[in-house]
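Throughout, protein chains are lettered first and strands after them, A, B, ... in sequence-line order, and every chain is numbered starting at 1.
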There are 2 protein chains.
Amino acid sequence: MGIANILSVDDDENLQFVIKEYLEDEGHTVFTAANRNELLDILEKETIDIVLQDLVIPNDDGLSMISAIREKSEAFIFIVSGKDDPLDKIIGLEVGADDYITKPFEMRELNARIKATMRRFKQQKETAAAETEDEGPSKITLPHWVLDRSRFQLFDTAGKSMNLTTGEFQLLEALALAPNRVLSREHLFSITRDGKFDVYDRAIDIQIGRIRKKMNDDPNDPQHIKTVRGVGYMLVV
Amino acid sequence: MGIANILSVDDDENLQFVIKEYLEDEGHTVFTAANRNELLDILEKETIDIVLQDLVIPNDDGLSMISAIREKSEAFIFIVSGKDDPLDKIIGLEVGADDYITKPFEMRELNARIKATMRRFKQQKETAAAETEDEGPSKITLPHWVLDRSRFQLFDTAGKSMNLTTGEFQLLEALALAPNRVLSREHLFSITRDGKFDVYDRAIDIQIGRIRKKMNDDPNDPQHIKTVRGVGYMLVV
DNA sequence: ATATATTGTAAGAAACATGTAACAAAGATT
DNA sequence: AATCTTTGTTACATGTTTCTTACAATATAT
């Protein structure tokens with residue numbers, strides 16, 4: 001990622017040439033349009049990410065062209081204006097443009113803004129994706145505890161952190177998702193780590209011990225994590 | 001504020017009665033539904049803030065009901081599960097629920113959770129309001145910092161610039177957009193730069209180090225950017 | 001009661017992840 | 001082209017986490 005389909009709408013052929021050269025050097029694909037017909041034509045045929053729209057187009061109106069773009073496309077629209085007119089800016093943003101840049105501009109400046117825009121787009125997409133692929137509840141509430149899965153931490157009901165390590169947290173999480181059910185060492189092992197489980201492996205036991213210590217759970221009379229001899233462990237609630 | 005419209009979905013009439021009594025004593029308005037039809041009916045007619053959804057409903061499926069709620073409402077969803085619920089249901093919790101609570105639960109506990117949720121809601125609404133009447137999402141305000149997204153710079157509450165580089169700012173921005181959430185190095189990498197992430201890549205660590213230095217955040221006892229071993233980094237607010 | 005199996009845990013070793021200095025590379029600015 | 005800024009790489013020190021081993025404690029079966 002990092003490259004975009006860009007459409008520049010301007011009647012100034014020299015400027016169009018400069019913009020095209022520069023942005024293509026940056027790796028983008030650049031289309032140009034000098035009037036409304038060309039604009040609509042390209043929007044139809046290509047998937048445009050960013051439109052650079054000049055406000056002053058002979059025999060037409062840049063602002064109304066922006067509305068036309070908005071109807072057809074989700075593209076990010078930069079207004080390119082010959083004068084720094086706050087009213088144009090306000091109206092432009094009103095009809096659906098996203099940013100405003102004043103002529104004459106440094107190509108470097110334009111490029112920087114395009115980059116920032118692309119990144120913002122990308123970020124939005126990724127955050128949205130991360131949220132939907134989110135695995136279920138972000139918190140698990142038990143009578144005396146709260147497991148916060150976005151913080152990877154266990155808290156008591158007063159909100160105090162129990163300072164579990166990530167590995168401890170994951171083991172407890174597995175138990176908490178199936179409270180009052182005995183889970184075998186093998187099952188717990190397969191959830192929390194890779195590799196093959198060996199019957200004499202005590203790693204789970206040790207880890208349970210550490211969790212108990214942090215939860216203040218006496219192993220001889222556990223209130224939270226119970227041992228079921230010959231089977232495994234169970235979180236009771 | 002502090003009261004909410006709560007909808008409890010459960011087929012156990014006794015439990016429904018207890019919940020309703022208790023929460024109404026607390027000042028909330030409580031609706032009850034015993035099946036999908038009642039649920040949809042109430043969602044249609046009322047603006048529900050919080051739904052308590054039993055995982056097991058006779059002749060229906062609590063999980064799919066949650067998806068249905070999500071389609072119609074922005075409500076915060078608590079999954080309520082009994083200890084005898086089938087394991088596959090629990091493992092399959094990949095829908096958009098927000099909290100998970102196991103029966104039997106103390107009403108006091110449930111009430112505390114609801115209060116915490118309301119507080120968060122309220123806060124969210126207020127920040128959203130502040131943003132629109134201010135200057136859009138161009139600034140991210142945290143307890144000790146302000147991130148100005150149009151200037152790509154971090155300021156303290158006194159307005160002093162922290163002189164972050166653009167790259168440093170972008171990384172911090174990504175963390176700030178998901179406060180109190182651990183983000184993996186891979187995720188941070190994919191947001192802030194192009195190309196493929198390699199597991200042994202330390203670029204993110206280094207940059208975090210530089211940001212911490214500029215924020216004056218002691219890595220051994222960080223107040224702002226916390227390291228979660230084996231997972232990633234988290235901005236705490 | 002005795003033998004056997006299972007679990008708890010201390011202590012040390014090993015594995016692992018992180019912070020960071022110092023240098024190199026890349027990029028921007030002049 | 002020369003300089004400055006920013007970012008990435010390598011290498012190493014440090015501290016944390018996890019595992020192994022060994023043995024004691026406990027439960028179960030005979």
To the nearest angstrom, how far is [X] atom [atom1] from [N] atom [atom2]?
X	N	atom1	atom2	value
Phe189(A)	dT18(D)	CZ	P	13 Å
Ile211(A)	dT17(D)	CD1	P	13 Å
Asp205(A)	dT21(D)	CG	P	15 Å
Asp198(A)	dT18(D)	CG	P	19 Å
Arg185(B)	dC16(C)	CZ	C1'	12 Å
Tyr200(B)	dT18(C)	OH	P	12 Å
Lys196(A)	dC19(D)	NZ	P	16 Å
Asp221(B)	dT16(D)	CG	P	12 Å

Nearest-neighbour nucleotide for the Ile206(B) side chain, dT10(D), dG8(C), dT18(C) considered: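 My answer, after comparing the listed nucleotides, is dT10(D).
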Base of dG19(C) paired with side chain of Arg202(B) (donor-acceptor, under 3.5 Å): yes
Donor/acceptor link under 3.5 angstrom from Arg229(A) side chain onto base of dT6(C): yes
Using a distance-only test with no angle check, is there a side-chain donor-acceptor pair under 3.5 angstrom linking [X] and [Y]?
X	Y	result
Arg212(B)	Thr227(B)	yes
Asp49(A)	Thr47(A)	no
Arg210(B)	Gln207(B)	no

Spell out, as yes or no, whether a donor-acceptor pair under 3.5 Å connects the side chain of [X] to the backbone of [Y].
X	Y	value
Arg113(A)	Tyr100(A)	yes
Gln16(A)	Asp11(A)	no
Glu109(B)	Glu106(B)	no

Given [N], is OP1 or OP2 found less than 4.0 Å from the side-chain N or O atoms of [X]?
X	N	answer
Arg108(A)	dT29(C)	yes
Tyr233(A)	dG8(C)	yes
Thr227(B)	dG19(C)	yes
Lys213(A)	dA10(C)	yes

First encountered from the 5' end of DNA chain C, between Gly232(B) and Asn220(A):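 Going by which nucleotide is closer to the 5' end, it is Asn220(A).
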First encountered from the 5' end of DNA chain D, between Ile204(B) and Ile204(A):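 On the 5' side of the pair lies Ile204(B).
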Protein and nucleotides 5-7 of chain D: nitrogen or oxygen contacts under 3.5 angstrom:
residue, atom, partner, partner atom, Å
dT7(D), OP1, Thr165(B), OG1, 3.3
dT7(D), OP1, Gly167(B), N, 2.9
dT7(D), OP2, Thr165(B), OG1, 2.3

Derivation and outcome, salt bridge (charged side-chain N to carboxylate O under 4.0 Å, His left out), residues Asp98(A) and Arg70(A): CA-CA 11 Å; Asp98(A) 301 286; Arg70(A) 258 293 155 269; 3.0 Å; yes
Under-4.0 Å salt bridge between Asp205(B) and Arg185(B):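 Yes, this pair counts.
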Touch class at under 4.0 angstrom, heavy-atom based, for Val228(B) against every strand present: sugar-phosphate
